[in-house]
Amino acid sequence: MKVVEETASKYFTDFDGRFKARLSQVTPAFMPVATHELTGTSSRYECRIKVEYDKDIMSLIEEGMLVAVRNFKSTQKQQRFSLMVISRVWPEHYGLKGLSESSYYPMQFEIIQQSVRDWDTSDKSTMMVQISALPINYDLLIDGDGEPKYEKGFSYPVVAAEANILNREMISHMYNKRILDKIGYKAKTTTSDAYKDPRIGTIQMFESMEEKIPIYLDFESMVRYHFGIFAFTGAGKSNLLANTLRRILLHAPEIKVVVFDISSEYPFLLMDLFADEKIPSKIVLENPVASAEQFYVSVVKPRDYENDDRVRKVFARIFSQKKIGYYLKPESKIPTYGDILDELTKMRGDNLEKPHYINSLDRIRQFVSDYKHDNEKTDSTFVNEEFLIGLDQAGQSAVKEFSISDRSGVYSWATSRLALTENIKRADKERKGAGGLDIEGIRELVEKESRLTCISISDPVAIKELVIHLAREFLQRRKRSFKVKPYVLFVFDEAQEFVPDLSGSGGIDKDCSRTVETLLRQGRKYGLGGCLATQRIAYLNTNALQQLHTYFVGTLPRPYDRTVVSDTFTIDKQILEKTLEFAPGEWLLSSFIATGMENVPIFIRADNAETEVEKTLNKLA
């Protein structure tokens, strides 16, 4: 037993003898019988820990630290500890607790004034520190060999047992070892330099120490199983997203990124990647730009950089590499194969009482299906001239064979498909004359060349049409080819524009929301990932939200937003309340797939994306 205890001690810290604590109480949490939209998720138990007072202890204990308490499953051969996260810390003074509002006023002031001096001592008879902690539903197992193991599930801790804070090395082992082994990264020190270190930031524990604890993610799993970033304006949402995308592109070579940037801010935030000739990239703007100055004006920049000439020089460098294109909006409507099939389905439903009409439409439908299969086309692919010629011949033959009336709608539709070839010719002429990228051009760009494609279009209808066509086309092509790699990450910044709640949307908004939901629901099987970033999570399609396996939560001042996060991702409400105190760049991270511990909340401080931007400006300008 002594050997096991000695082995266990190397995983805990007592801050040089200043932390002495015991579990005093385990209280079953109140579970409401009836729930409503503001209920949220709560832990089943709340644990109270009492700590002997030391004058330095309040500066050493931090919310978010993990505490281990021996539980009833512990044996002589194997020690087991219930793990819990500190949610609140507060000091108590015996004299102040006994102070009554009805006491003589001068005596109240006398006691209060005397207590100020007490806090600077380590008087354990007068003061104490209280900790409220929530179980994270993991046990820490320590055998005689000293190798720590983790087992999911809640075990009841021994009340009055010693409470131990996990030390820096143990925290790093828990959250990082499995990830580092998988990605094959080894380093003795950590740095915020995105080009040298794949970390996304540091864990908010032991921050008084010189070397911070880095936090690493399994980027491939995070991308494939989708992630979300949720925070109010000013919390650093775009900064975190840019920081994460930069590290994905630098340290995960099998991942491509497509950013739907309705705010036109990512050409600035990712300028170092766009300026790097070694990284194939493309910026697709809403309108053509004839000069570097026009490109500079079209991009949104942070206030501090609006009049910075260095930005102009870097943008000129990007422009000179011919990485700027623009979206060629189709002036002439060209149907997709899916549109043709939908029209046939509608006409079939309108003519159910006429068997020969049904036979004629089925014959035409068979031609469309055969052509799609033989030529490897998907429903979201636009039809071509060769197909229309064949469709016209099939339609003419079908209406003749089944004696369709020349005054019927079916006859008119089947014999007029050749007219659509004029739309195709007109669109080809527009594309050749203007030199822009149409939907098919953007798809080919992502599939073949570009690792980073930023679609900066402020027109909501145009960018939603792009999302619908690209998402459907990628998904159907991957399904047909059973292809998984390279992974493609679709990033939806201002996600409320692309994935709105279905109950309050219609038209193209509803189509876009359903398409993205389908992409998130089915894409993981085919290497297609999604990222949703928004400041109002309550306005999002909850079916899409439930597909996310990793999430970053910043400051969300509205209670309903926090409740949606609590319900959707099973995060305790007390943990989420901590986010109200976050400064910009501080986040609550939790993941079912991409961190070392499944669905355990981690308070992190993200690295600043503008640091890399500033380095690029100084280097290239």
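Quick caveat: nothing in here was measured; it's all calculated off a predicted structure.
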Novice: Apply salt bridge (charged side-chain N to carboxylate O under 4.0 Å, His left out) to D607 and R247, showing your working.
Specialist: CA-CA 11 Å; D607 291 329; R247 281 162 169 78; 3.2 Å; yes
Novice: Side chains of E63 and S87: donor-acceptor distance under 3.5 Å anywhere?
Specialist: no
Novice: Below 4.5 Å, heavy atoms only, C-beta onward: do Y150 and H173 meet side chain to side chain?
Specialist: yes
Novice: Regarding S82 and N71, is there a side-chain donor-to-acceptor distance under 3.5 Å anywhere?
Specialist: yes
Novice: For L341, is there any backbone N or O sitting under 3.5 Å from a side-chain donor or acceptor partner on T345?
Specialist: yes
Novice: Tell me whether K346 at atom NZ has more than 12 heavy atoms from other residues, nucleotides or ligands lying less than 6.0 Å away.
Specialist: no
Novice: Nearest 0.5 Å please: distance from the CG atom of L83 over to the CE atom of M170.
Specialist: 7.5 Å
Novice: Check for a donor-acceptor pair, side chain of R88 on one end and backbone N or O of A133 on the other, with a separation under 3.5 Å.
Specialist: no
Novice: Do D261 and P267 come close enough that some side-chain heavy atom pair is under 4.5 Å?
Specialist: yes
Novice: Nearest 0.5 Å, please: how far is OG1 in T550 from CZ in F227?
Specialist: 8.5 Å
Novice: Atom CD in E444, atom CG in L437: separation rounded to 0.5 Å?
Specialist: 10.0 Å
Novice: Are a donor atom and an acceptor atom from the side chains of R451 and S281 found within less than 3.5 Å of each other?
Specialist: no
Novice: T518 versus L475: any side-chain heavy-atom pair under 4.5 Å?
Specialist: yes
Novice: Got N243 and N608 here, is their nearest side-chain heavy-atom distance under 4.5 Å?
Specialist: no
Novice: Between the side chains of E46 and S132, does any donor sit under 3.5 Å from an acceptor?
Specialist: yes
Novice: Looking only at heavy atoms, what is the nearest atom pair of I455 and I463, with distance?
Specialist: O-CD1, 3.9 Å
Novice: Nearest 0.5 Å please: distance from the OG atom of S263 over to the CD atom of E497.
Specialist: 8.5 Å
Novice: Assess whether salt bridge (charged side-chain N to carboxylate O under 4.0 Å, His left out) is satisfied between E220 and K182, documenting all intermediate values.
Specialist: CA-CA 10 Å; E220 288 192 359; K182 181 175 181 180; 5.6 Å; no
Novice: Do S172 side-chain atoms and R168 backbone N/O form a donor-acceptor pair below 3.5 Å?
Specialist: no
Novice: Do I283 and Y266 have side-chain heavy atoms sitting under 4.5 Å apart?
Specialist: no
Novice: What I want to check is whether the side chains of E586 and Q204 have a donor and an acceptor closer together than 3.5 Å.
Specialist: yes
Novice: Taking K282 for its side chain and C454 for its backbone only, find out whether a donor-acceptor pair lies under 3.5 Å.
Specialist: no
Novice: Determine, for E577 against K573, whether the closest basic-nitrogen to carboxylate-oxygen distance falls under 4.0 angstrom.
Specialist: no
Novice: Among I604, I571, L556, find the one that has a side-chain contact (heavy atoms from CB on, under 4.5 Å) with L588.
Specialist: I571
Novice: For a quick test of reading the model, state the closest non-hydrogen atom pair linking G596 to R178 and the distance between them.
Specialist: O-NE, 3.8 Å
Novice: Can you list the steps and then say if T202 with I215 is a side chain to side chain contact (heavy atoms under 4.5 Å, CB included)?
Specialist: CA-CA 5 Å; T202 56; I215 180 70; 5.9 Å; no
Novice: Would T191 and D193 count as having a side-chain donor-acceptor pair, cut-off 3.5 Å?
Specialist: no
Novice: Regarding Q522 and K479, do their side chains bring together a donor and an acceptor under 3.5 Å, going by distance alone?
Specialist: yes
Novice: Which atom pair, heavy atoms only, marks the closest approach of R80 to S155?
Specialist: NH2-OG, 4.4 Å
Novice: Indicate yes or no for a side-chain donor-acceptor contact from T381 to the backbone of K377 under 3.5 Å, with no hydrogens or angles considered.
Specialist: no
Novice: Quick one: are L589 and L217 in side-chain contact, heavy atoms under 4.5 Å?
Specialist: yes
Novice: Please name the residue in the list K372, R472, R477 that meets the salt bridge (Lys or Arg N to Asp or Glu O under 4.0 Å) test with D379.
Specialist: K372
Novice: For H226, is there any backbone N or O sitting under 3.5 Å from a side-chain donor or acceptor partner on H549?
Specialist: no
Novice: So, taking the atom named SG in C531 and the one named CG in L241, what distance separates them when rounded to the nearest 0.5 Å?
Specialist: 5.0 Å
Novice: Could you tell me whether E494 and K237 have a side-chain N and a carboxylate O separated by less than 4.0 Å?
Specialist: yes
Novice: For a 4.5 angstrom cut-off between non-hydrogen side-chain atoms, does R246 reach L250?
Specialist: yes
Novice: Flag the pair Y526 / F474 as yes when their ring centroid distance falls below 6.0 Å, and as no otherwise.
Specialist: no
Novice: Classify the ring geometry of F260 against F492: parallel below 30°, tilted from 30° to 60°, perpendicular beyond 60°.
Specialist: parallel
Novice: List the steps, then state whether side chain to side chain contact (heavy atoms under 4.5 Å, CB included) holds for I171 with I203.
Specialist: CA-CA 9 Å; I171 294 296; I203 299 174; 3.9 Å; yes
Novice: Give me the ring orientation class for F154 and Y156: parallel if the planes are under 30° apart, tilted from 30 to 60°, perpendicular past 60°.
Specialist: perpendicular
Novice: If the plane angle is over 60° it's perpendicular, under 30° parallel, otherwise tilted; pick one for W587 and F552.
Specialist: perpendicular
Novice: Indicate yes or no for a side-chain donor-acceptor contact from E151 to the backbone of Y138 under 3.5 Å, with no hydrogens or angles considered.
Specialist: no
Novice: Distance from L540 atom CG to Q546 atom CD, nearest 0.5 Å?
Specialist: 12.0 Å
Novice: According to the interplanar angle, ranging from 0 to 90°, do the rings of F603 and F582 count as parallel (below 30°), tilted (30 to 60°) or perpendicular (above 60°)?
Specialist: perpendicular
Novice: At their closest point, which heavy atom of L502 faces which heavy atom of S513, and how far apart are they?
Specialist: CD2-OG, 3.6 Å
Novice: Between I602 and T595, which heavy-atom pair has the shortest distance, and what is it?
Specialist: CD1-CG2, 4.3 Å
Novice: Examine F382 together with H469 and report whether their ring centres are nearer than 6.0 Å.
Specialist: yes
Novice: Are the side chain of E265 and the backbone N or O of V299 linked by a donor-acceptor pair below 3.5 Å?
Specialist: no
Novice: Could you check whether R536 makes a cation-pi contact with Y539, meaning its NZ or CZ is under 6.0 Å from the centre of the six-membered ring and within 45° of the ring axis?
Specialist: yes
Novice: Looking at L273 and K323, what are the two nearest heavy atoms and their distance?
Specialist: O-NZ, 4.2 Å
Novice: Decide if atom NZ of K196 counts as having more than 12 heavy atoms of other residues, nucleotides or ligands within a radius under 6.0 Å.
Specialist: no
Novice: Please name the residue in the list T233, T555, D561 that meets the side-chain hydrogen bond (donor to acceptor under 3.5 Å, both in side chains) test with Q535.
Specialist: T233
Novice: Without swapping roles, check the side chain of T515 against the backbone of D511 for a donor-acceptor pair under 3.5 Å.
Specialist: yes
Novice: Give a yes or no on whether the ring-centroid distance for Y216 and Y185 is below 6.0 angstrom.
Specialist: yes
Novice: Where the side chain of T563 meets the backbone of P559, is there a donor-acceptor pair that is under 3.5 Å apart?
Specialist: yes
Novice: Please examine the side chains of I537 and F230, heavy atoms only from C-beta on, and report whether any two atoms are closer than 4.5 Å.
Specialist: yes
Novice: Taking it one step at a time, do E286 and S456 satisfy side chain to side chain donor-acceptor pair (under 3.5 Å)?
Specialist: CA-CA 7 Å; E286 189 168 356; S456 296; over 6 Å; no
Novice: Looking only at side-chain N and O atoms, does Y327 offer a donor or acceptor that is under 3.5 Å from a partner on D438?
Specialist: no
